[in-house]
Amino acid sequence: MGFLTGKTAIITGAGRAVLSDGRCGSIGYGIATAYAKEGANIVITGRNVQKLEDAKEEIERLYGVKVLVVQADVNAGADNEAVVAEVVKQTMDTFGRIDVLINNAQASASGVTLADHTTDQFNLAMYSGLYAAFYYMKACYPYLKEAQGSVINFASGAGLFGNFGQCAYAAAKEGIRGLSRVAATEWAKDNINVNVVCPLAWTAQLEQFKNAYPEAFDKNVHTPPVGHFGDSEDEIGRVCVQLASPDFKYMTGETLTLEGGLGMRP
């Protein structure tokens with residue numbers, strides 16, 4: 001029994017992915033695993049149903065919590081408010097509460113320079129990241145207020161440092177940081193904790209980025225000073241567990257940035 005037993009967390013972009021060596025290669029799945037170990041019931045969303053079902057099967061089998069899978073894709077051509085509203089409806093119908101919202105999902109055309117970026121590529125990043133966070137935060141707000149819950153949004157060093165070949169990704173992530181700061185200010189009176197995590201974990205997506213765009217990878221991605229990339233569960237996931245802890249409520253109304261998944265405060 002963990003301290004999140006009986007609570008419900010929505011985690012976007014939480015399909016199961018693996019690295020070439022077979023290890024967990026998804027931040028969302030690593031977070032879901034960390035939450036499951038603390039007893040939380042989990043709602044996982046994403047575009048790939050098979051990856052979501054794989055995550056559900058493994059988490060339920062190993063940790064005995066309930067996992068709700070909802071396919072959801074926020075994009076330029078969708079009725080996005082309806083897409084997100086359906087996720088929230090299914091969550092409330094199944095669990096009756098929302099305690100934590102984790103906006104982790106993000107797609108982008110990383111490696112394409114600003115001059116070569118198309119509008120469709122820019123929209124891909126903005127809708128899957130910034131707009132998705134906006135819609136989920138609005139839809140979950142009444143339930144987070146009732147639960148005095150937590151919002152954890154994911155930004156990136158790409159926006160902080162202006163990474164080569166990541167203009168749309170960086171723009172989306174900086175938008176998420178700004179949105180989070182405003183929410184932290186406005187929702188402090190409701191005892192909703194709002195924080196931002198800027199991770200650097202070794203994921204299947206990063207591995208693919210390295211293989212597809214080695215030049216951009218070498219310019220942008222550097223091993224953290226501790227000598228290793230963050231682990232999706234043990235470092236990123238556990239940080240997200242801590243941010244949902246009742247003991248962390250003293251941070252309400254502030255925004256926390258965690259660089260490289262190593263838990264360093266600015």
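Predicted model only: the values in this text are computed from it and were never measured. Atom set for the values below is all heavy atoms of this structure, side chains included, hydrogens, waters and symmetry mates excluded.
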* Asked: Do you reckon Phe134 sits in the same ILVMFWY cluster as Tyr143, going by side-chain contacts under 4.5 Å, direct or chained?
  -> yes
* **Student check: side-chain heavy atoms of Tyr213 and Ser110 closer than 4.5 Å** => no
* Asked: Is there a donor in the side chain of Tyr29 and an acceptor in the side chain of Glu58, or the other way round, less than 3.5 Å apart?
  -> yes
* Taking Thr94 for its side chain and Thr91 for its backbone only, find out whether a donor-acceptor pair lies under 3.5 Å. => no
* Structure fact -> In terms of heavy-atom contacts, Ser150 and Ala244 come closest through OG-CA, 3.8 Å
* **Close side-chain approach of Leu62 to Thr33, heavy-atom, < 4.5 Å** => no
* Classify the side-chain pair Gln166/Ser108 by whether it contains a donor and acceptor separated by less than 3.5 Å. => no
* Asked: Is there a donor-acceptor pair closer than 3.5 Å between any side-chain N or O of Thr8 and the backbone N or O of Ile98?
  -> no
* Asked: Closest approach of Gly230 and Glu235, non-hydrogen atoms and distance?
  -> CA-OE1, 3.0 Å
* Between Glu53 and Val69, is any pair of side-chain heavy atoms under 4.5 Å apart? -> yes
* **From CA spacing to verdict: salt bridge (Lys or Arg N to Asp or Glu O under 4.0 Å), Arg238, Glu38** => CA-CA 10 Å; Arg238 294 306 302 177; Glu38 292 294 340; 3.1 Å; yes
* Any side-chain heavy-atom pair from Cys198 and Leu160 closer than 4.5 angstrom? -> yes
* **ILVMFWY cluster, Leu101 and Met92 together (side-chain gap under 4.5 Å)** => yes
* Candidate pair Lys37 and Glu233, rule salt bridge (Lys or Arg N to Asp or Glu O under 4.0 Å), full reasoning -> CA-CA 10 Å; Lys37 288 182 176 180; Glu233 178 195 341; 2.5 Å; yes
* Heavy-atom pair with the smallest gap, counting every atom of Gln106 and Gly129 -> OE1-CA, 3.2 Å
* **Polar contact flag, side-chain donor to acceptor under 3.5 angstrom, Tyr141-Asp190** => yes
* Please tell me if the side chains of Gln90 and Leu68 come closer than 4.5 Å, counting only heavy atoms from C-beta onward. => yes
* To do: Please report the shortest heavy-atom distance between Val88 and Ala139, naming the atom on each side.
  => CG2-CB, 3.8 Å
* Would you call the rings of Phe217 and Trp202 parallel, tilted or perpendicular, where under 30° means parallel and over 60° means perpendicular? -> perpendicular
* May I ask you to test the Val65-Ile59 pair for a side-chain heavy-atom distance under 4.5 Å? => yes
* What pair of heavy atoms forms the shortest contact from Ile152 to Cys240, and how long is it? -> CD1-O, 3.4 Å
* Asked: Can you check whether Ser128 reaches Asn75 side chain to side chain, under 4.5 Å on heavy atoms?
  -> no
* Do the side-chain N and O atoms of Gln50 and Asp54 include a donor-acceptor pair separated by under 3.5 angstrom? -> yes
* On the 0 to 90° scale, with breaks at 30° and 60°, tag the Tyr127-Tyr131 ring pair as parallel, tilted or perpendicular. => parallel
* Residues Asn153 and Ser180: side-chain donor-acceptor under 3.5 angstrom -> yes
* Asked: With side chains defined as the heavy atoms from C-beta onward, is the minimum distance between Leu179 and Met137 less than 4.5 Å?
  -> yes
* Asked: So, does Lys145 use its side chain to make a donor-acceptor pair with the main chain of Ile192 at under 3.5 Å?
  -> no
